[in-house]
**Q** 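This is the structure, below, for whatever I ask next.
Quick note on labels: first sequence line is chain A, next is B, and so on, each numbered from 1.
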Amino acid sequence: MLASAIPTLVFYLLAAISLTLAWSVVTGRRILRAAVSLMGVLAASAGLYLLLDSPFLAGVQVLVYVGGIVVLLVFAVMLTRTTELLEDHPTRGRQIIGGAVATGFFLLSYNMMTADAFVGRTLSPLPKNDVAAIGRALLDTGENGYALPFEVVSLLLLAAMIGGIVIARKPAAAAKPEAFHG
Amino acid sequence: MADFLTAHAPTLTHWLVLTSALFSIGLYGMLTRRNAVGVLMSLELCLNAAAVNFVLFNRYLAPTAQGGAERLDGAVMTIFVIAVAAAEVVVGMAIFVAMYAERRTVDVTRLDALKD
Amino acid sequence: MDFFYVLIFLGFSAVMVLGGLGLSRLVAPHHPGGAKNDTYECGEKTIGTSWIQFNVGFYLFGLMFLVFDVEAAFLYPWAVVLREFGTTGLIEAGVFGAMLMVGLLYAWRKGALEWV
Amino acid sequence: MSWPVKTIAERTGDLLPGSPWTASVYVLLTILAVTAFMTVTGLVLIYAERKIAAHFQCRLGPMRVGWHGVLQTIADALKLLLKEDIVPRDADALLHILAPVLSFAGMLLVMIALPMSPSLQVADMNIGVLYVTAVSGLGVLGILLGGWSSNNKWSLLGAMRAGAQIISYEVSATLALLVVVLFSGTLQLSGIVQSQEAGWWIWRAHGCGIVAFAIFLIAGTAEINRTPFDLAEGESELTAGFHTEYSGLRFSFFFLSEFLNMFVLAAMTSTLFLGGWMPLHIGHFAVFNGVMDIIPPGLWFTLKTTAMIFLIMWFRWTFPRLRVDQLMRLEWKILLPIGFVNLFVSAACVVTGCYFFAR
Amino acid sequence: MGVITDNLPGVLEPLPGGSVLVTAVDQLINWSRSNSLWPLTFGTSCCAIEMMMATGAARHDMARFGAEVARPSPRQADLLVIAGTIVKRMAPRLRTLYEQMAEPRYVMATGSCAICGGPFMYHSYTTIRGADEIIPVDVYVPGCPPRPEAFFYGLLTLQKMIREGESIRHPGERRRPVLAALPEGMTLDDIRKEMQDLLSHDANVNMTEAAAEGAHYSAELKDF
Amino acid sequence: MSVHVSTLQARISGESTASSPLSTEEYFVNMGPQHPSTHGVLRLVLRLDGETVREVVPVLGYIHRGIEKMGEHGNYRQFVHLVDRMDYLSALANNWAVTMVVEKAAKMETNDRIQAIRTLVCELQRIQSHQLWWGVFGMDLGAFTPFFYGLRDREQICDIFEKTIGARLTMNYIQPGGVMYDIHPDFVKDVKAFLTYFKSKMPEYDALMTENVIIQERLRGIGKLSAERAIALGATGPVLRASGVAHDLRKSEPYGLYSQVDFDVPVGTTGDCWDRYWVRMEEMRQSVRIVEQLIDNIPEGKTFLVKPAAKIKVPAGVHYSHVETARGVLGVLLVSNGKDAPYRIHCRTPNFNNLWCIGEMATGGRIGDLVATLSSIDIVVPDIDR
Amino acid sequence: MEAPNLIAAVQALQPDATVRAQSDRPTLIVPAHALVALATRLRDDPALRFDLLETHTAVDWLDEDRLELLYLLTSVPLGHHLTLSVSVDRDAPVVPTLCKVYPIAEWLEREAYDMFGILYDDHPDLRRLFLEDDWVGFPLRKDYEDDFMLERPE
Amino acid sequence: MPADSVLPPAESVATPEVLPPPEKHVGVGGAIHGAVPWIDKSGAVGGVFRAIRSLFGGMKITGGYLMRPSTVVTQQYPENRETLKLPDRFRAQLAFNHDDNGYHKCTLCRICEEACPNVSIIITGREKPAVSKKELDSFVWRLDSCTFCNTCVIVCPFNVLRFDGTFESSVYDRRLLSYTLNQYAGPVASVLEKLEDPEARKAAMEARDPYSGAAIIAALVEKQKATKIAERAAREAAKAARVAAKAAAAAAAAQPEAPPEAENVG
């Protein structure tokens, strides 16, 4: 009884948290507070993964999103802050356009969500060890495996790393100070 | 209380409403944010909502008849989405940081105007 | 159930810190105002703004970290199932890691690993 | 022999369907127990640090509050509670409060995953190792936000240093940790302990184990900001670093998390490399193993953790601090390449089954 | 004091045993405060060598009193040891440091310079003649510089003062801060004037009693 | 006329407007007056780029007490105790500097016993000062334990001084006309015991700090000062010698009994922090040598050759003499008009000159390097401000 | 170099330099306008090589209504000393700066400006060294008055 | 540089940017150069091992002290008050040398008062001496301002003063730091000893409270303030006179020299 009620409770809790914080991410005027709210949304999403019985994904979500991307965002906010952007007011026109597009998208997708294909579905069974299952899927070179994407991701990361370094260093290299430590 | 909760246990539709609401909020942010970092954050919201959907569909819609749920394709896709998101943030932020170093602003509206 | 405890303790830590602060507010002296709430900078008045600008070099470390963090996310499942795949898994991860090592070498050569 | 492993979370799970009240009481008791454990460990660690430091330095340390100063940290804690809590005028008050919460939460959430003895583990997750790395990342956000929100140049400098340092060393720590995951084939912390029944990974995995151990210890010490890596709050450079503007209880939360992080690091090190609560077993020497089994597992865990804590303290009271660029060089140019090579050598060992007492 | 402790005595004391309880809590608070005096790393001249270094060093070991946790930031410090000369230029900074300490905060003036200007009392155009012209001082430790034991005696004196205070019934009775803050443009003379007002109003020490106490003080020390 | 009088505010704000705000990440930070590594109330205004120090602007005067003005209002004997409070870590050498200029100008006689005692106590205090520096240096680099070992051994010399002189820091011992007291009967025994003890501790110092790889990594090549620049900037004492200039008044213009003892002058090669560290460590060993040679050969004689209360009159004129303290050359310039009080007395203090070099040494390094450099020149702020 | 030879050598460079009596080191009185040129030559002359400005300060001769500036020069390699004495008017004390010759002079001159109000022509950064920028008066002048200062009771 | 510079033209003061290097720096004999043999032997692999060994070397030192509790050098001050012996010469508190009868030897010669560098000794004579011409009323010693320079002790011709090691004198109010050193107001020991009658001796002596110095000092400060006001008035008059004289002299001169234009002086 309680055991089945708790996940439901947690779902609504997480939904409320993530929607509230998501709203403050897009409307918060202090950009660092928005970043902290984003961290909350992402952590709540990790909770959602747990509700979907994917603890490994939840772990990766926290590891990469909360521990990595948000930290990088905070770094970047610290690096790119200007006093004028401390308070980030969107113009009325943008608000209207944005609101219209977002609402339109939501209504459209809501229309699709209530389609028959999505109603009445139940959770399917899961493998016992999702980490191992994901590992097998990643390493499998067969037709259902993801060995190639796995390798492509490494290329993607390499490209991102090199690209990031090249782009971010460009202005710094222009005004490169003389080397002091050999 | 417990009865009420059990009666309103989340179904696939509930989940989809949640994720698409998150996505819409992200969309709104992308369109209204002036700060480029803020735009990127909104984009993260969208990506995150999409990533949740992958798992969701894997869990609810995978054809169980073929033993498909044992395969967790959605979860794998989610990991790829996260990786792509990370790569996107790396490059995106690098662009903004470089832009900021040159133009002292990350205001997307003003970046347009400064284009030359 | 394990993760239920995570949620509980997440709430608990917030309650503990905030409750502690509340208790402290109730029992400790509190006389704000004046120089007490000024920024402390070795007894002097702060020169200029305190939110100082940092060199781009700081960002590069964040960037590198994020890339390696994503890599770790892929290596966890790899490490768990390596035994089943044997040499194939070793080679796949070897290629994967070699790519990142190339990136590291590139960063090294470009001087991105030098602290600013 | 195999140990009867049943974590508190599982026991609560057993109780849950039957009676919600029993379960709630159980949860409450767990919270109480963890709080008590945390408080006592924190106080003992701070006292021990002060005493041990004193004896490293030919002096006595706290002597006057209670017998040999045993009540010293209690007096300090009480005083910090009764101390004024200052929020600077220009600070971002919300984040200023949130920062210690994050720092504290990061520490507390790791703590519930530690297997302290076969039955003394709050939650035994099947992604244990990943969970620990992921959640401890909250701490760095706490430090970053704390430094940023203080609106103080020294704080911000300290926060930036701390941020760059902690995230950098997290990479090496993860690589070292993966070595153990490779050998034991599981992410579950209890499983990792279980896998060391025939010998601890530090020596069972040829050289790889000891290299990974060294890297993990160094990286961990850097992640918890202790000398020789205490650049984030290096007194002589940045006054008090990221917590310059923190006073009273809020400062004490940073202080407490710093010390408990040391405990977490020591516990993780002993779990991963020194067998956790597993007694010292050598292969299949039944007699020797039997003798070792007499010592209860909880005591084994305590002994190993204490030894690790002592080692970390010893580092602190001997070494000078590194300079910030040397710190980064050590990580990215020395530890990271070594860690990578070590990981793949270990992978080769695992694939070929070439390690001691392979199952 | 905080909200509770301000209102607590009025509520509790009429109750049976309430007075005892207040006293017990008071003692606990004073015990913790007096035994956990974290000093600010602040020293200006010669006395700093004796007060911050020699006392902290192995021979004398300030840690025995739990006072080795020298905090570089005034936010976390309890005790401001004015070790050395304070000159006109430093005076507003000292005031700022004092203001920025979290309450409760205690001040010790060690050495002749901090007490009254010492060797630089006459013919010096910058030396402040006594740190108590700038901030309220709780304990004076004479000497030039005082030896480390004398500093410990001063610390014991301060502990005695804290212990005998009634931090619940009369919070802040020990002394009033001279000024809540150091406003812009405030001169040294303003501070001095306010300080003198304070001295004349409610910091008048009964000289005979104080003298008697001073004379018998050494005997009492053994009970510490 | 191009005399332009500036202010600190103009200095700082002028710099920041000079460099365009659009192309730099530079900012100013106050280091001090209350900062753990400025050893007192020195204030350094740092212009930083990230962590790199672009410029150091020392702001002095937070402990300026006007000792020179006070000297004009007291007699010669009364001035001696004021210099104790300048460089309090080598108070005896300061006393000696004043005493020397007064004795030289007033042509007062001394004997070998007085000179031997002065030489001995000054060398002991040099060891004491360097021990304290060693400990504090370790602490500035983040190692706490050296501080305790250094001060533990320093207390041994403090004990010797307490017995003979009666003070631990501000001595006022070397007076015009002699020394205040004869040495304590236990002095020779105590000093010998200390030497034996200290020689056994030096290897520990080396094992803990000198040989430590982190120390070496942090000191080598940091805060360089070439020999030419060192002289031009007026660096003195160990800072000058570390740059490769073997200028030591104890050798070049021997006073006291330095001409009768055998010792070496340690000289560095590149003038980096490591050289300054090494020079001081070696100076401790050389001081031990000097004390060893003198301790058994203290001549007999009186220790105070004038009446203590006698008025000292110095003939009119400009008189100057200097001694080598633990931090460098302390010179006392005495302008007399023939009365019993100095007309003008000026102290050329070593820390003043050494701090002036910090701009050259620390620019381009990082904050950690700045702290190491500042600590390696071993400043005593009241000596700068006087 | 011995004191008489030294004085002769300097006087060869600067003929109008006169010897200041009552001084224990060789001391020459030189006119203010010749200071920089003379100091440069003293520093660069291979026989003299006064490469170190040991100290620089001033004396306020109130009765004679002048400030005497003393420059104590030392040759580190040759080990000899020389003092230069320059007198300036108390009311308009302007001398050229020696910063370009001896960098240490920058601070020493700032100190002299702080204490005596001597103005150094072409000094790169002439501001008070020890006292606050808004300090009134020059404390080491003999006629300095300050209400703050306590006279010693007789 | 403006045209009206007092300096000679630029070419005659051509200042080299870089100082010429001196031929040799070593001016004195016996110099040793800073190569440290056990460190400067370098080598890549050996260097790493030496580095690690150096770390362990440091740990050995600290660990060694931890293992030997006998090396603790701490003296526990308040606990060791019974056994704490300060050296005889230690200067912590000025005291009168009273003889066995409790008589002092101060003759009011005021040499110590003169010699004291910052007026920490204030001697007042009795206004109505009982026996002899000069009798000590109170010998006030200001502990708060004393610099412990020991000058008073060595200049005293009668060996009246000594320093002893009583350092425990912390107080809450600094006015308590002015001590009256003499136990009684009255004549010097030699005079008292001439009085044979114990009653007469007692009559000549008047007990003094050790903490009565504050009032005397307060009176002194008041007096000083008064004199200072008077002095300032006198000084200002003199200054005005000087300025007037100068103005007259300037007016007398035909071509008064313009003072240099200095911006922002003072």
**Q** About how many Å separate CE of Met161(A) and CZ of Phe68(C), when rounded to the nearest 0.5 Å?
**A**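 Phe68(C) CZ to Met161(A) CE: 5.0 Å, rounded to 0.5 Å.
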**Q** With a cut-off of 6.0 Å (strictly less than), are more than 12 heavy atoms of other residues, nucleotides or ligands near CZ of Phe105(A)?
**A** yes
**Q** With a 4.5 Å limit on heavy-atom distance, are the side chains of Tyr76(C) and Ile134(A) in contact?
**A** no
**Q** Find out whether Phe96(C) and Leu158(A) are in side-chain contact, i.e. whether some heavy atom of one side chain is under 4.5 Å from a heavy atom of the other.
**A**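 Phe96(C) does not reach Leu158(A) side chain to side chain.
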**Q** What part of Phe85(C) lies closer than 4.5 angstrom to a heavy atom of chain A: side chain, backbone, both or neither?
**A** side chain
**Q** Between Leu157(A) and chain C, with a heavy-atom cut-off of 4.5 Å, which part of the residue counts as in contact: side chain, backbone, both or neither?
**A** both
**Q** Is Leu100(C) close to chain A through its backbone or its side chain, or both, or neither, when contacts mean heavy atoms under 4.5 Å?
**A** both
**Q** Is it the side chain or the backbone of Leu60(C) that comes within 4.5 Å of chain A heavy atoms, both, or neither?
**A** side chain
**Q** How close do Ala107(C) and Ile165(A) get, heavy atom to heavy atom, and via which atoms?
**A**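 Heavy atoms of Ala107(C) and Ile165(A) come nearest at CB-CD1, 3.5 Å.
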**Q** Side chain from CB out, backbone as N, CA, C, O: work out which of these in Phe74(C) comes under 4.5 Å of a heavy atom of chain A, or both, or neither.
**A**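 Both backbone and side chain.
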**Q** For the OG atom of Ser154(A) and the CE atom of Met101(C), what is their distance to the nearest 0.5 Å?
**A**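 Those atoms lie 12.0 Å apart.
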**Q** Measure Glu84(C) against the heavy atoms of chain A and call it side chain, backbone, both or neither at under 4.5 Å.
**A**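 Glu84(C) touches chain A through side-chain heavy atoms alone.
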**Q** Shorter than 4.5 Å, heavy atoms on both sides: which option in Met99(C), Met64(C), Glu92(C) has the most such pairs with chain A?
**A**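 Option with the greatest count: Glu92(C).
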**Q** Indicate the atoms forming the closest heavy-atom contact of Val64(A) with Asp69(C), along with that distance.
**A**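 The answer is CA-OD2, 3.8 Å.
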**Q** I need the minimum non-hydrogen distance between Pro77(C) and Phe56(A), along with the two atoms involved.
**A**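 Scanning both residues completely, I find the closest heavy atoms to be CD-CZ, 3.3 Å.
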**Q** Check whether Leu156(A) gets within reach of chain C through its side chain, its backbone, both or neither, counting any heavy atom under 4.5 Å.
**A**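 Contact with chain C: none, neither part.
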**Q** If every non-hydrogen atom of Val60(A) is compared with every non-hydrogen atom of Ala73(C), which pair is closest and at what distance?
**A** CG1-CB, 3.9 Å
**Q** Please determine whether side chain to side chain contact (heavy atoms under 4.5 Å, CB included) holds for the pair Phe75(A) and Leu66(C), giving the CA-CA distance in whole Å, both sets of side-chain angles, and the decisive distance to 0.1 Å.
**A** CA-CA 12 Å; Phe75(A) 258 63; Leu66(C) 186 53; over 6 Å; no
